[in-house]
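Written out below as structure tokens is the structure these notes cover.
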Amino acid sequence: MSTTLQALGLSKSYNDVLIVDHVDFSAEAGRITVIVGPNGAGKTTLFNCLSGVEPIDAGVVLHRGDDVTGWSPDALSRRGLARTFQRSSVFPTLTVSDNLRVAAENHGRRGILRGVVGMRDPGRRRAVRTVRTVLAELGLSAIADVRAAVLPSGTLRLVELGRALCGQPDTLLLDEPASGLDDAETEEFHQLLHRLAARELAVVMVEHDLELVDETADVVYVMDAGRVVAVGPPGDVLGRSDVQARLFGHLIDRPLDQAP
Amino acid sequence: MLTLELALAGLGIGSIAALAGLGLLVTYRLTGVFNLAFGAIAMAAAYLLWQAVRVWHWPLALAAVVDVLVICPIFGVLLERFVFRPLQRRAAAPAEKLVASLGVFVVLLGGAVLVWGAQARLDAPSLVPYRQLPLPGGVQLPLSTVVDLAVIIVVGIGLALGQRTRLGLRVRAVVEQRELAELQGLDANRVAALGWAIGSMLAGVAGVLMAPTLRLQPYGLTLVMLETMAVVVVAQLTSPVRAIAAGLMVGVIQAELARVHLGGYSGALFDALTANLFVVALLVALLIVRRLNETGGDDAGTTARLTTRGELASARGWWLVPALTLAAPLMFNAQDRRVALAVPALAIVLVSIVVVSGYSGQISLGQAGFAGLGALIAARLAAGTMPGFGRIPGVAVLVMVPLLMVPIGLLLGWPAIRRRGLFLALTTFAFSVAVSRFVFDQPSVTSGLTVHPPDAFGSDNNFYVLELLCLAAAFLVVRNLHNGRVGRALIAVRDDESGALACGVDVRRLKLLVFAASAALAALGGALLAMGSRAFDTGAFDPTRGLIWFAAVVVFGIDSAPGAVIGAGVLVALDAGLPQGSSILVIGLCALLLGRMPGGLLHSMHRLFDHTVRRIAPGIVPDVRQRPTRAVQLTPAGRAMVGQLRRRAAGGQGVTP
């Protein structure tokens, strides 16, 4: 088993408030790593730092052993680090298959000028094949030619995941991928995650539904106030009383069905 | 060395800039619209006062009160109700609001010229009697400056205090998150109307106070708009204190520098810089300021909402319309054909805006700068006076011009990498202003230039064919930028920049590419425009031209290249058939109606046509709304989704989720 993505001593602050506080993190190929924690714990910011969306203040990010600290998000994506967003970032004017195709075509960056003068993209066939495979895998083939603007949000989640897969990543960062899915969809979605992990992908996700975390996760990171407060298999970590206090202490003031 | 006298004179200019800037800032904060028409409303208010006092012989005080406190606010309320409310209702992009305010600007300007004429009036009634206040040290301060400063302070304090009141809070809520504010039970329409009333009242105050000092002349206020922009940008659209300080400081520095005289070429440059110090300030501020505190949500940056979002597939044979537009002049008589020479050239310029703003979502108001530079370079290359180049013969000029323009386009693309929305719009506009002031207005650069079509294409007919060939080449590039891999990636950048980055799209490189391509196209169009009219007319490439072109492209469909061709045809035809300037008025009126025709004029007509035909004769025309879907084996998830979609469609919901 190999580590695909690793962060050491990662820190990020806004206006002198530490949002991510010396976090050590690693994602293993073939494993599902889940980050849990109350709102404001810094989970999304950690994702943003790992994927290059936000510059980090201190620490190192390693991808397949290479130092990629400070790399731009597009460069990281081409290296095999794919992510999805908490708020859908699907391209509304493109069809579902074109959405995927953007990602399938851009892990080779050359050929922009070639396109301007009207030459065919040499990777075209491979991109089309990748898109078709991913569409079939996610059950999206029937709506391949539908514009994303008209799709319901649960479907958009799948489109976004498909887009991430089209870059042929070795690491997937999924920010609350199951929000907006109904129970059946969620169940299917988690089976899909297991299939992906079985393909030696490192799957990292932020998830709030602890029951599902318990079922699917191989490793759980518990974050609170910017720090990683516990790491380990879900059975060990989620049962700990200090972890429960951190997770439920914040949620207990509100009815659970309204908790995000 | 500073002198007090000059400093006080500078204070006069500075206080006007600060006053106008403060007004624009307040309007922006109150309405969330960067009101390009601010100067025009000020101008109209000043003219109304003149009309009332000098023509109708009303008492000055009464006229001023009616003008500023009654007519201006009512005008603001009308603007909100009929122009900006429909835009707000469908959460229009800032680009659309910008264009709508441009429409107001154009209509007011055109109206003022029509009613009062373009000549300057020297007898603008002054609310403040002309008096010089003696200060210690023998210098004198005009009373009007004192009044200007007093008004500035009052407005500044009012703004600072107003933000803390309940009403101020409501206004902010409506500007920042209109829907949420409405859900909280706020009557957003009334709050917005109030914002517009106050905003245009401030414009009226500024106009009435400025008119005696500046000349009362319709176009003169475009100038004030520019100076005002510098002030507002320094303030990052937020800080009234910084706006006031910036206005006063630039005014004083300008007055002090006017004393310094240098000889030679550097002297001419220095004089140009001094005379346009507000433009310099605008440029410097735009480059230094890291962000503007724009109102509204995250989606504020793109022009994606301006587009049709691919709602209707284009009808078969649609391209025949622009093709016929272009072919018709070949059968015109000589005189009409000479007029029509402008059509393909203008079409190339408009298409350059489609590329940068429609396809990739980057607002560019600076295309007039590129087009003008293209014309200039073409003239100089043909004459052999371009530094570093010999005399370039004939058609080769038309190949060289776009190529030489690429680095300049890259230069403007660079700041565009990090800037979006209004910030980018202002940056590109400032570029065009700088080019106009520091290049086109310099006699040493542009005097004595002649332009004419390449020798082999001297006759109008041949030149028209040459233009068509250039347009065809331009369309090839445009097609490659819209289709295939590059086209998809550009749309991805337009629709969602962070999503595009996550897909591995090299957004930086694409933006540079699209600005370079757009600059090259605009330059080619500009060169052809100048060749067709056989003159290098700097007025044809004035920054306000760029604004009008942008508005025209938005009106004719920002992501439609055929629309740009039709737009060029309509513009040229209107100008040829009707009194000068009427095309601008038409574009302005259409821009005002944008709220009611999302996706532009042609798209709205198309939709109307489509709708009517399907009403009258269902089944005869294919439903362009539905694209055929392939028959595939569905997985359970796929079936569930298709079912969901069907239910949505059956529920009769609109196309937006």
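By convention in this document, chain letters (A, B, ...) are assigned in the order of the sequence lines, proteins followed by strands, and residues within each chain are numbered from 1.
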- prompt: Within a reach of under 6.0 Å around CG of A:D182, are more than 12 heavy atoms found that belong to other residues, nucleotides or ligands?
  reply: yes
- prompt: Taking atom CZ of A:R195 as the centre, does the number of heavy atoms from other residues, nucleotides or ligands within less than 6.0 Å exceed 12?
  reply: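 Yes.
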Toward chain B, the part of [X] with a non-hydrogen atom under 4.5 Å:
X	answer
A:L158	side chain
A:R163	side chain
A:S88	backbone
A:S51	neither

- request: Please examine the side chains of B:V505 and A:D74, heavy atoms only from C-beta on, and report whether any two atoms are closer than 4.5 Å.
  value: no
Only distances under 3.5 Å count here; give the side-chain donor-acceptor pairs of residues 515-525 of chain B to other protein atoms, sequence neighbours excluded, each with its distance to 0.1 Å.
from, atom 1, to, atom 2, distance (Å)
B:S518, OG, B:S352, O, 2.9
B:S518, OG, B:Q367, NE2, 2.9

On a heavy-atom basis, which atom in [X] and which in [Y] lie closest, and how many Å separate them?
X	Y	result
B:A502	A:F85	CB-CE1, 3.7 Å
A:S77	B:C503	OG-C, 3.4 Å
A:S89	B:G499	OG-CA, 3.7 Å
A:V102	B:A492	CG1-CB, 4.0 Å
A:F91	B:D496	CE2-O, 3.4 Å

- prompt: Going from CZ on B:R488 to OG1 on A:T93, what distance comes out if it is rounded to the nearest 0.5 angstrom?
  reply: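 It is 12.5 Å, given to the nearest 0.5 Å.
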query: So how far is it from B:R485 CZ to A:R101 CZ, rounded to the nearest 0.5 Å?
result: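 One finds 10.5 Å between CZ of B:R485 and CZ of A:R101.
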message: As a quick check of understanding, evaluate side chain to side chain contact (heavy atoms under 4.5 Å, CB included) for B:D506 and A:R78, giving each step before the final call.
response: CA-CA 10 Å; B:D506 195 336; A:R78 290 192 294 271; 3.9 Å; yes
Interface moiety of B:V507 toward chain A, non-hydrogen atoms closer than 4.5 Å: backbone
